[in-house]
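Everything numeric here is computed off the predicted structure, so don't read it as measured data.
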Amino acid sequence: MPQDQGDFTPDPLIRAFGALLRRYREAAGLSRRQLAEALGCSYQWIEKMETGKKPSIDSAIDLDTFFKIPEKTFQTLAEEIERAGKRFSLRLAFSGTQNSRLDRRRSASSKHSR
């Protein structure tokens, strides 16, 4: 049964970012509101990042700084999310001409296999 898309993102990188943020926040003993106050943002933004909202690079850098993560874990993950999104967009950017050529090839191929 499909889950409500408001509570779940199909992107595993974004889910990983959210899960990592929640682990760090809970390990620090902070509520979403407390972390938001420390970062100068709304607790809703923290909630969105934890539950599937694509993080910004700036937010990721702020999290690395706040949690004193020298490896830039959040920043690296946010950059990979950004790169993955661009790769995904490029794969889907076909013009109508290319699609119709591909459809004709598939159609011809299926006729020959009968």
Side-chain angles (χ1 to χ4, degrees):
M1 175 179 248
Q3 294 185 6
D4 177 15
Q5 290 298 311
D7 296 331
F8 177 76
T9 178
D11 187 319
L13 290 173
I14 295 174
R15 282 197 326 259
F17 187 99
L20 185 64
L21 172 54
R22 184 176 186 167
R23 273 187 250 133
Y24 268 90
R25 179 181 59 77
E26 289 176 348
L30 298 171
S31 68
R32 287 176 176 159
R33 191 175 300 277
Q34 290 169 321
L35 179 58
E37 287 173 8
L39 295 174
C41 64
S42 70
Y43 76 90
Q44 291 96 338
W45 178 242
I46 301 298
E47 179 180 23
K48 286 178 181 180
M49 285 192 294
E50 285 185 0
T51 60
K53 174 79 173 166
K54 180 180 163 187
S56 70
I57 302 294
D58 289 338
S59 294
I61 292 169
D62 288 346
L63 291 168
D64 284 330
T65 301
F66 180 81
F67 289 115
K68 296 179 176 71
I69 304 172
E71 305 87 27
K72 300 180 182 178
T73 303
F74 286 107
Q75 180 181 348
T76 301
L77 192 50
E79 288 170 349
E80 186 56 33
I81 290 167
E82 194 71 29
R83 278 192 295 277
K86 288 179 182 174
R87 285 193 305 264
F88 183 70
S89 296
L90 289 175
R91 279 187 272 153
L92 296 178
F94 291 112
S95 71
T97 306
Q98 289 171 323
N99 282 338
S100 61
R101 271 191 242 141
L102 182 59
D103 290 340
R104 283 193 299 265
R105 277 191 232 142
R106 284 184 185 152
S107 177
S109 169
S110 66
K111 288 177 187 176
H112 293 296
S113 63
R114 291 183 187 168

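- Judged as a side chain to side chain donor-acceptor pair (under 3.5 Å), and not counting sequence neighbours, K72 has no contacts.
- The shortest distance between side-chain heavy atoms of L63 and I69 does not fall below 4.5 Å.
- Grouping Ile, Leu, Val, Met, Phe, Trp and Tyr residues whose side-chain heavy atoms lie under 4.5 Å apart, directly or via other members, places I61 in a hydrophobic cluster with I57.
- R22 is linked by a salt bridge (charged side-chain N to carboxylate O under 4.0 Å, His left out) to E26, counting only residues two or more places apart in sequence or in another chain.
- Put simply, the side chain of K54 reaches to within 4.5 Å of the side chain of I81, judged on heavy atoms.
- Residues F66 and L30 meet the side-chain proximity criterion, which asks for heavy atoms closer than 4.5 Å.
- In this view, F74 and F17, Y24 satisfy the ring pair (Phe, Tyr, Trp, His ring centres under 6.0 Å) rule, not counting sequence neighbours.
- Between Q34 and R25 the shortest side-chain heavy-atom distance does not fall below 4.5 Å.
- Applying the side chain to side chain donor-acceptor pair (under 3.5 Å) rule to Q75 yields the partners E79; only residues at least two apart in sequence or on another chain are considered.
- Between L77 and A16, the shortest heavy-atom distance links the atoms CD2-C, 4.1 Å.
- Relative to the ring axis of Y43, R33 places its NZ or CZ within 45° and under 6.0 Å from the centre.
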Residues I46, L39; criterion side-chain contact (heavy atoms from CB on, under 4.5 Å); working and verdict:
CA-CA 10 Å; I46 301 298; L39 295 174; 4.0 Å; yes

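- Taking CZ from R32 and OG1 from T51, the interatomic distance works out to 6.5 Å, rounded to the nearest 0.5 Å.
- Remark: S56 engages S59 in a side chain to side chain donor-acceptor pair (under 3.5 Å) (not counting sequence neighbours).
- If you take CG on L20 and CD on E50, they are separated by 10.5 Å, rounding to the nearest 0.5 Å.
- Considering every non-hydrogen atom in both K53 and I14, the closest pair reads O-CG2, 3.9 Å.
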